[in-house]
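A, B, ... follow the sequence lines: proteins, then strands. Residue 1 opens every chain. Worth saying up front: this structure is predicted, and the values here are computed from it rather than measured.
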There are 2 protein chains.
Amino acid sequence: MALDIVRSDPDETQSGAARVFTFFRDRLLSGELKAGDRLLAERELALALGVSRPVLREALRSLAMLGLLDIQHGRGAFVRAADASVLGQALTLCLAPEPNILDDVLQARIAIECQAIRLACERASERDLQAIAGILDTLVDSLDDPERGGGADYAFHLALVRASGSSALMKIYEAISPLLMRSHVERRRDTFREPAITSRLVDAHCEVFLSLARREPDQAERALRQHFLIGDELRRKNLISTYQARENQP
Amino acid sequence: MALDIVRSDPDETQSGAARVFTFFRDRLLSGELKAGDRLLAERELALALGVSRPVLREALRSLAMLGLLDIQHGRGAFVRAADASVLGQALTLCLAPEPNILDDVLQARIAIECQAIRLACERASERDLQAIAGILDTLVDSLDDPERGGGADYAFHLALVRASGSSALMKIYEAISPLLMRSHVERRRDTFREPAITSRLVDAHCEVFLSLARREPDQAERALRQHFLIGDELRRKNLISTYQARENQP
DNA sequence: AGGCCTAAACTGGTAAGACCATGGACTGAC
DNA sequence: GTCAGTCCATGGTCTTACCAGTTTAGGCCT
């Protein structure tokens, strides 16, 4: 009763579940509802908001699907901390119908990382640099293990973005990561046997790191772009060899 | 009955609405459901999927909230083309709790645009270039109108990203656009009276365009970064003058 | 008196049925 | 041939009831 604010929402065109949905979304955006908060019981909420329980549930369920709510049977509904996985899902859905998604997402990755490393050159703390150095060690150690190596590779680039201190870049990077991950590991599996390649790979990472540690943005970005170019070249060679193999044995 | 595939989903932990939700999501991802398709009526779907109508509605409503479905009263539910607005919403929700979002999102914008213009130097078609040139004309024409000018400014940068031919970059750019828009117009309103500034603004855009037309990636990115730097500087001066005004009249 | 076990009172999850509101199509009259 | 009214299909909402986990409080046994 007392909470019957929903009806007084400015946008009267929305009705029922949509109204309740925006009601909670706004409260989440404004920070009035924080992560961990427990919502009232469904029956009480329905009463308070002046809608029936099914309608309320449609809204709550929608918020849950978006990852904003954590509804637990028998316990209640809890506000969940905003997570990049939602973003990733949304991105995946948006990009699903497009062709050449992998190449395309790679471009986004390059975009984020190149800007991130510029920022990192200005903002990275000692801790950030040490973290990256540690990952670099792991990378060198795990050259012969495509699984660990791939993980370290990913961790290296993620640490770069984190060192930028920009949560927006970080969130977007995390969002596109799942799309990148697959090709990342696969590519590594194909190439980890070549000593020449792995050595160049380590050199590239080292150069990026050194430029960052020396706080040289232009140099760092150039090194990073070079690194990506090499990756691109490798992928192309892979494609060619795959095609040739298929041609020989149709 | 015949469609009772949902129950045989591998993940038995999910129940009811969540199962139906993933059912449709997967069909959307796989392209089995295309934009414009009309779903069966709720009652039929509920029967076919072996769930009650409320449960089905919870799932459909969730998809609608995500922007994947367009449910029309009296007509039916239609698959909607994947839209960047969902992405924008998700991003807004993810970034809501963070401080300094505006600066941060600006960094993401710079990231996207700098990579986009590099790609555009390789890929932009004649049409793309002509479109950008047209917008540039509009920009020059509307120097004294902050509303139109701001719009043209935005259109210019959007056209740059579009010219990259990367839908991923485009989608992400569209997603962060609403967050940028506000500050964009506001800033322009504050500065459009200064002839020196507006002239520099036009020069900057022209230089970016020329570099693009000449297909010089490094040059183009440098011009773009310079453009952003000037914007940053302007914003800082604005902040200072605002602060000073407040100090004089507390 | 204290600990354990059970049952009741929460909580969300699901179902069925009825009714209203809207949109479109069909049919009738003009 | 055209227009208007009716009818049907569809989504929108509510009510009610019951099922299924979770918590808690009270009683029972030790």
Side-chain angles (χ1 to χ4, degrees), chain A residues 1 3-9 11-25 28 33 35-80, chain B residues 1 3-9 11-24 33 35-80:
Chain A
M1 303 278 200
L3 266 187
D4 198 321
I5 319 174
V6 187
R7 292 207 180 280
S8 64
D9 257 9
D11 194 351
E12 292 286 347
T13 64
Q14 290 189 60
S15 52
R19 224 166 43 215
V20 178
F21 179 83
T22 57
F23 173 81
F24 281 108
R25 196 199 50 189
L28 286 168
L33 285 173
D37 285 359
R38 184 175 173 282
L39 265 53
L40 288 175
E42 289 186 356
R43 291 164 178 88
E44 299 175 49
L45 264 183
L47 199 64
L49 297 177
V51 295
S52 72
R53 202 172 146 220
V55 169
L56 179 85
R57 275 183 61 81
E58 284 174 21
L60 256 44
R61 188 64 86 164
S62 298
L63 292 163
M65 296 294 182
L66 269 168
L68 272 55
L69 239 50
D70 187 16
I71 304 182
Q72 296 178 23
H73 191 167
R75 301 197 55 207
F78 301 84
V79 177
R80 193 144 76 174
Chain B
M1 305 280 201
L3 268 187
D4 199 320
I5 318 172
V6 187
R7 293 208 180 281
S8 64
D9 256 10
D11 193 350
E12 292 285 348
T13 64
Q14 290 188 61
S15 54
R19 224 166 42 215
V20 178
F21 179 84
T22 58
F23 173 82
F24 281 108
L33 285 173
D37 285 0
R38 184 174 172 285
L39 266 53
L40 289 174
E42 290 186 356
R43 291 164 179 86
E44 300 176 49
L45 264 183
L47 199 63
L49 297 177
V51 295
S52 71
R53 201 172 149 218
V55 169
L56 179 84
R57 276 183 60 82
E58 284 173 20
L60 290 186
R61 187 64 86 166
S62 299
L63 292 163
M65 298 291 184
L66 268 168
L68 270 54
L69 237 51
D70 188 17
I71 305 182
Q72 296 177 23
H73 190 166
R75 298 196 56 208
F78 301 85
V79 177
R80 192 144 76 175

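Taking both residues in full, the closest heavy atoms of A:Ala17 and A:Val55 are given as N-CG1, 3.3 Å, listed atom of the first, atom of the second, then distance. The heavy-atom pair separating A:Ser62 from B:Met65 by the smallest distance is OG-CG, 3.4 Å.
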Every protein N/O within reach of nucleotides 8-11 of chain C N/O, cut-off under 3.5 Å:
{"from": "C:dT11", "atom 1": "OP1", "to": "A:Glu44", "atom 2": "OE2", "distance (Å)": "3.0"}

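For the pair B:Arg53 CZ and D:dT10 P, the computed distance is 11 Å after rounding to whole Å. What separates CG of B:Leu56 from P of D:dG12 is a distance of 11 Å, to the nearest Å. Between the P atom of D:dT10 and the CG atom of B:Asp70 lies a distance of 17 Å, rounded to the nearest Å. When rounded to the nearest whole Å, the span between CG of A:Leu45 and P of D:dC14 equals 14 Å. Put simply, CD1 on B:Ile71 is 16 Å from C1' on C:dG23, counting in whole angstrom units. B:Leu47 places its CG atom 12 Å from the P atom of C:dA15, with the value rounded to the nearest Å.
A heavy atom closer than 4.0 Å to some atom of DNA chain C occurs in A:Arg57, A:Arg61, these being the qualifying members of residues 57-65 of chain A.
Remark: B:Leu66 CG to B:Arg80 CZ distance equals 10.5 Å, nearest 0.5 Å. Rounded to the nearest 0.5 angstrom, A:Phe21 CZ and A:Leu56 CG are separated by 13.0 Å. With values rounded to the nearest 0.5 angstrom, B:Leu63 atom CG is found 9.5 Å from B:Thr22 atom OG1.
With contacts defined as side-chain heavy-atom distances shorter than 4.5 Å, the pair A:Phe24/A:Leu60 qualifies.
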Residues 67-74 of chain A side chain polar contacts: donor-acceptor under 3.5 Å, at least two apart:
{"from": "A:Asp70", "atom 1": "OD2", "to": "A:Gln72", "atom 2": "NE2", "distance (Å)": "3.2"}
{"from": "A:Gln72", "atom 1": "OE1", "to": "A:Arg75", "atom 2": "NH1", "distance (Å)": "2.9"}

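Residues passing the salt bridge (Lys or Arg N to Asp or Glu O under 4.0 Å) test with B:Arg57 are A:Glu58, B:Glu42, sequence neighbours excluded.
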